[in-house]
Amino acid sequence: MSVPVRVRIAPSPTGDPHVGTAYIGLLNYCFARHHGGKFVLRIEDTDQQRCSEASAQAIYASLKWLGLVYDEGPDVGGERGPYVQSERVKLGMYQRYAEQLIEQGDAYYCFCTARELDAMKARQRANNEPIMYDRRHRGADLAESRARVAKGEPYVIRLKVPLEGEHVYKDRLRKLPVAKGWKEIDDQVLLKSDGWPTYHLAAVVDDHLMGITHVIRAEEWLNSLPKHTLLNQKLGFTPPEYVHVGLLRNADKSKISKRKNPTNLLWYREQGFLPEALVNFLATLGHSHPDGREKFTLDELVSVFDLDRINVAGPVFDLVKLKNLQGQYFRELSPERMRAEVHRAVDARFDKLLPLVKERMVVGGDFIWQAEPFYADSVTHHVEDLVPKGWDKVQTKTMLEQLQQALKQFAAGEGSQWDAPSLEALIRGLMESRSQVPEGATDEARAAAQLWQNKPVFMALRVAATGKRESPPLFDTLAVLGSTKTLERLGLAQQKLR
RNA sequence: GCUCCCAUCGUCUAGAGGCCUAGGACACCAGAUUUUCAUUCUGGCGACACGAGUUCGAAUCUCGUUGGGAGUACCA
């Protein structure tokens with residue numbers, strides 16, 4: 001009988017919960033469930049600067065939202081805890097392994113300062129050499145090093161990587177074994193000068209202590225696999241099977257990033273994406289259904305899940321496709337759940353909107369049409385509403401273009417506040433300069449300047465932003481609408497005027 | 001720069017030597033249904049990166065080229 005499967009995800013609680021965590025989490029979850037094993041969540045917060053408790057909480061909530069229920073984890077407990085590395089650090093769970101390696105001669109003390117290391121890198125870069133620690137403390141006498149440590153000198157502990165030979169590993173997803181020369185690999189820091197372990201030490205130790213049998217992780221780790229193998233070997237651990245899957249990509253094929261894609265799981269929830277849809281979409285990205293189905297539940301996925309069906313190439317994360325799937329799921333919702341979803345969507349912006357639109361309301365239902373432009377994804381412009389009296393299409397288009405440009409610049413500016421007073425100041429300032437008639441201006445320029453009156457400009461802007469001639473006060477409207485939608489609609493209005 | 005990984009329609013993929021004149025989904029285009037829009041249905045466009053080899057036979061195996069990606073931290 002084989003050992004029961006135990007897998008984990010080990011996110012680092014920095015920033016917002018990431019869609020990549022969900023992706024890798026899903027793969028691990030399915031693998032564990034399919035084999036009747038355990039799925040563990042471990043928080044890797046050994047970077048004291050960047051990690052936060054709030055971020056960890058968001059990870060728990062996001063995984064639960066998606067239905068990726070873990071059997072063991074920080075907030076649910078388990079027999080192999082604690083499941084947060086900072087707590088394990090305090091229990092001294094890593095120090096002793098670093099010690100053991102020193103003792104065995106498989107690791108050594110290094111006393112280099114940050115400045116020294118920087119200088120080393122600069123020199124290597126200048127000479128076009130590989131950037132690597134030059135192992136200057138590797139041969140130091142252990143007793144001497146210990147004496148320096150005892151004196152209180154700051155130090156790190158580095159792994160003694162073989163100087164020659166090759167590390168070879170057969171990753172089940174790749175047809176050829178992955179080989180890498182040991183000389184390419186740095187003497188990795190295992191224990192930082194603050195006494196905390198680096199990822200490499202902590203992960204290997206914890207995977208062992210937690211009885212992890214398979215490590216399904218992103219491809220970005222493939223390059224440090226040799227270190228992990230070496231660590232397992234020197235520490236006398238039976239290594240888990242390592243499986244490296246492709247990275248989620250942006251449309252330009254680079255590693256998925258928040259600049260180019262929504263990577264924050266909380267965003268999807270706020271937007272009203274259903275967890276079933278997101279999970280289904282993520283699943284199709286890396287794992288294909290043997291029957292060719294594109295739409296299936298998490299449980300169905302679990303039953304057919306096969307590690308060997310995972311695609312190694314990094315898939316492009318395509319929001320358009322996700323939206324299509326989401327639409328299918330949404331329309332299938334029971335009236336009860338759909339009602340809840342609609343309420344949630346309305347409620348999300350209700351408090352901000354009500355003060356804005358209430359002046360124009362007589363009965364509760366008026367909210368629906370008053371608030372419509374704020375909820376709508378896009379608006380339809382009518383040319384006759386857009387073009388003010390006394391203006392023509394071309395003039396209006398130019399005017400909107402100038403407004404858009406000014407707003408765009410403002411939105412991109414460092415520290416700009418997209419609120420009503422700032423927007424009003426900005427736009428009034430722009431109008432001031434536009435309506436100025438310069439000395440010796442042509443009649444044409446004079447006429448154009450005269451057009452820049454409050455009434456027509458404000459109306460055109462109002463219609464461009466909301467699609468309607470009536471709306472709450474203009475600058476409040478733009479403020480609540482937000483920069484993205486405002487700019488987008490200004491662009492749409494210009495297209496209409498072509 | 002160096003090292004490693006990857007490579008089928010625009011995108012996600014099926015395909016484990018003959019079943020492939022390469023299948024499906026999203027997107028796109030056209031048509032039908034719908035007062036409009038959306039949904040739904042039908043049809044269309046559209047790919048094995050390139051070059052050598054192995055083989056009777058290659059999208060599938062090998063090598064090279066090209067392209068893309070990742071790693072190169074006292075971050076994970």
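Residue numbers start from 1 in every chain, and the chains themselves are labelled A, B, ... in the order their sequence lines are given, proteins ahead of strands. Just so you know, these numbers come straight off a predicted model, no measurement behind them.
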- Could A:Arg42 and A:Asp207 be called an ion pair, given the rule that one side-chain N must be under 4.0 Å from one carboxylate O? yes
- In whole angstrom, give the distance that lies between atom CZ of A:Arg293 and atom P of B:G23. 22 Å
- Rounded to whole Å, the NZ-P distance (A:Lys253 to B:U11) equals 5 Å
- Query: Under the 3.5 Å rule, do the base of B:A25 and the side chain of A:Lys321 count as making a donor-acceptor pair?
  - Reply: yes
- Query: A:Val316 side chain: which of B:U11, B:A27, B:U62 is closest?
  - Reply: B:U11
- Which value, in whole Å, describes the distance between the P atoms of nucleotides B:G24 and B:C6? 29 Å
- Which part of the nucleic acid does A:Glu294 contact within heavy-atom distance under 4.0 Å: base, sugar-phosphate only, or nothing? base
- Query: Can you find an N or O donor on one side and an acceptor on the other, under 3.5 Å apart, linking the side chain of A:Arg50 with the base of B:C75?
  - Reply: yes
- Item | A:Arg331 side chain, from C-beta outward: closest of B:C12, B:A14, B:U40 | B:U40
- Who does B:C26 pair with, Watson-Crick or G-U, both distances under 3.5 Å? B:G10
- Task: Taking atom C1' in both B:U42 and B:G18, compute the distance separating them and give it to the nearest angstrom.
- Result: 34 Å
- When all nucleic acid strands are considered with a 4.0 Å heavy-atom cut-off, which category describes A:Ser193: base, sugar-phosphate, or nothing? base
- Query: Checking all strands, does A:Arg217 fall into the base, sugar-phosphate, or nothing category for heavy-atom contacts under 4.0 angstrom?
  - Reply: nothing
